[in-house]
There are 2 protein chains.
Amino acid sequence: MSQVHAFPKPGHNHARCTADALRKAEAVCAARKSRLTEIRRDVLETVWQSHVPVGAYDILSHLNENGGKTAPMAVYRALDFLMENGLVHRIASLNAFIGCAHMGEEHHAAQFLICHSCGTTAELESAPLKRALTQAVSERGFTIDSQIVEISGTCPHCRAA
Amino acid sequence: MSQVHAFPKPGHNHARCTADALRKAEAVCAARKSRLTEIRRDVLETVWQSHVPVGAYDILSHLNENGGKTAPMAVYRALDFLMENGLVHRIASLNAFIGCAHMGEEHHAAQFLICHSCGTTAELESAPLKRALTQAVSERGFTIDSQIVEISGTCPHCRAA
DNA sequence: AGGTATAATGTGATGTTATAACATATACAA
DNA sequence: TTGTATATGTTATAACATCACATTATACCT
């Protein structure tokens, strides 16, 4: 029986999400012998400040809040590293980035639910959807390299409110 | 039995695609009492020059090839109009635009196959995929407003070559 | 420890995509 | 024909992303 992932609740203990994420990231990097340097860790931490995707320049502003002088390139490089290591996803429809909720685990695909009311974005992670997609695509003689599934709408919590 | 749409062949008579598209666009606009003005028609025609998505600034260059002085804003406004009327789609992963292959028809969803070898991009239009998606999303209590499905890979013709 | 290759970061300029804000022109209905 | 809505023109700027090259840090081999 497949587990249906819950959409992040408005009042959840988010400090825990962040702490878990950083811990997992350390583990993933250790396992892959990737180096989670200071700037990469800072960027990851910034991305994890919420479940709302953040733009690269927002991350930059956050890093420079206390007089820092990090350049855009540094942020993009850190984001590239984090994406290569499966720690962060890019949301193409928003030109923004979000922490990966399944670091180190097998990943069906990058499938996202984006609430345009509160901005909260969650991974959908549906195996049936993945299968339907694979099937439809291969029927057409096409070979998949990568995919984007981004669904905008209203999350259960905003809908209730 | 459902019709599986063919991926555009390299040597097809593309003049016909364009002519068909412009004719359909006229019909759609007439039916909706939308005005397909000169610049909008020019942009649509430019987008239809191939089955490869074009960037807004490429469209702009094309419009200005013979000394014109159209501004970016005009192109974006035309694209907005064309998208509102279902004549053009935006490919988020490429920041580019492509003519809609199903103007005026019922549309399952914006689902695209993007060949990263030749650039050719086609609408997938799979009902089972749409169903799987709707199902997965509603299970999570989420209400869909819009969706993006963009699949990158190799098209049958490039794969054969 | 020292040398050297590789990886990471710094730095400045520039490229690319998209929108804001306000002025002007055009269509078309009353 | 004149008012109103729609469309376009114009200038500036915002927002997102990369190039190219210099410098520094780290790993790892001897």
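Chain letters run A, B, ... following the sequence lines, proteins first and then strands; every chain starts at 1. Every heavy atom of this structure was used, including side-chain atoms; hydrogens, water molecules and symmetry mates were not.
- The minimum heavy-atom distance linking His102(B) with Glu123(B) is given by the pair ND1-OE1, 3.2 Å.
- For the segment residues 49-77 of chain B, the set of residues with a heavy atom within less than 4.0 Å of an atom of DNA chain D comprises Ala71(B), Met73(B), Arg77(B), in numerical order.
- For the pair Arg41(A) CZ and dT9(C) C1', the computed distance is 19 Å after rounding to whole Å.
- Atom-to-atom, CG of Leu79(A) to C1' of dT9(C) comes out at 15 Å; the value is rounded to the nearest Å.
- Per the geometry, CG belonging to Asn95(A) stands 15 Å off C1' belonging to dG15(C), to the nearest Å.
- Within 6.0 Å of CD on Glu38(B) lie no more than 12 heavy atoms contributed by other residues, nucleotides or ligands.
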For nucleotides 24-30 of chain C, just jot down a letter per nucleotide in 5' to 3' order: B, S or -, based on protein non-hydrogen atoms under 4.0 Å. ---S---

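- One can place NZ of Lys33(A) at 14 Å from P of dA8(C), the figure rounded to the nearest angstrom.
- For the pair Asp145(A) (side chain) and Ser152(B) (backbone), a donor-acceptor distance under 3.5 Å is absent.
- To the nearest 0.5 Å, the span separating CD on Gln49(B) from CG on Asp58(B) amounts to 11.0 Å.
- Look at CG on Leu36(B): it is 15 Å from C1' on dT8(D), rounded to the nearest Å.
- Checking side-chain atoms of Arg140(A) against main-chain N and O of Phe7(B) turns up no donor-acceptor pair under 3.5 Å.
- In this entry the distance linking CD1 of Ile91(B) with P of dA18(C) reads 12 Å, nearest Å.
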Please determine whether side chain to side chain contact (heavy atoms under 4.5 Å, CB included) holds for the pair Glu150(A) and Glu150(B), giving the CA-CA distance in whole Å, both sets of side-chain angles, and the decisive distance to 0.1 Å. CA-CA 9 Å; Glu150(A) 294 175 15; Glu150(B) 294 175 14; over 6 Å; no

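- Across the protein-nucleic acid pair, Glu38(A) atom CD and dT24(D) atom P stand 18 Å apart, rounded to whole Å.
- The structure places CD1 of Ile148(A) at 7.0 Å from CD1 of Ile114(B), a figure rounded to the nearest 0.5 Å.
- The CD1 atom of Ile39(A) sits 13 Å away from the C1' atom of dT11(C) (whole-angstrom rounding).
- Here Thr46(B) contributes atom OG1 and Glu65(B) contributes atom CD; the two are 8.5 Å apart, rounded to the nearest 0.5 Å.
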Salt bridge (charged side-chain N to carboxylate O under 4.0 Å, His left out), that's the test. Do Asp80(B) and Arg77(B) meet it? Break it down for me. CA-CA 5 Å; Asp80(B) 284 345; Arg77(B) 284 197 280 232; over 6 Å; no

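- For dA7(C), neither phosphate oxygen OP1 nor OP2 lies less than 4.0 angstrom from any side-chain nitrogen or oxygen of Arg40(A).
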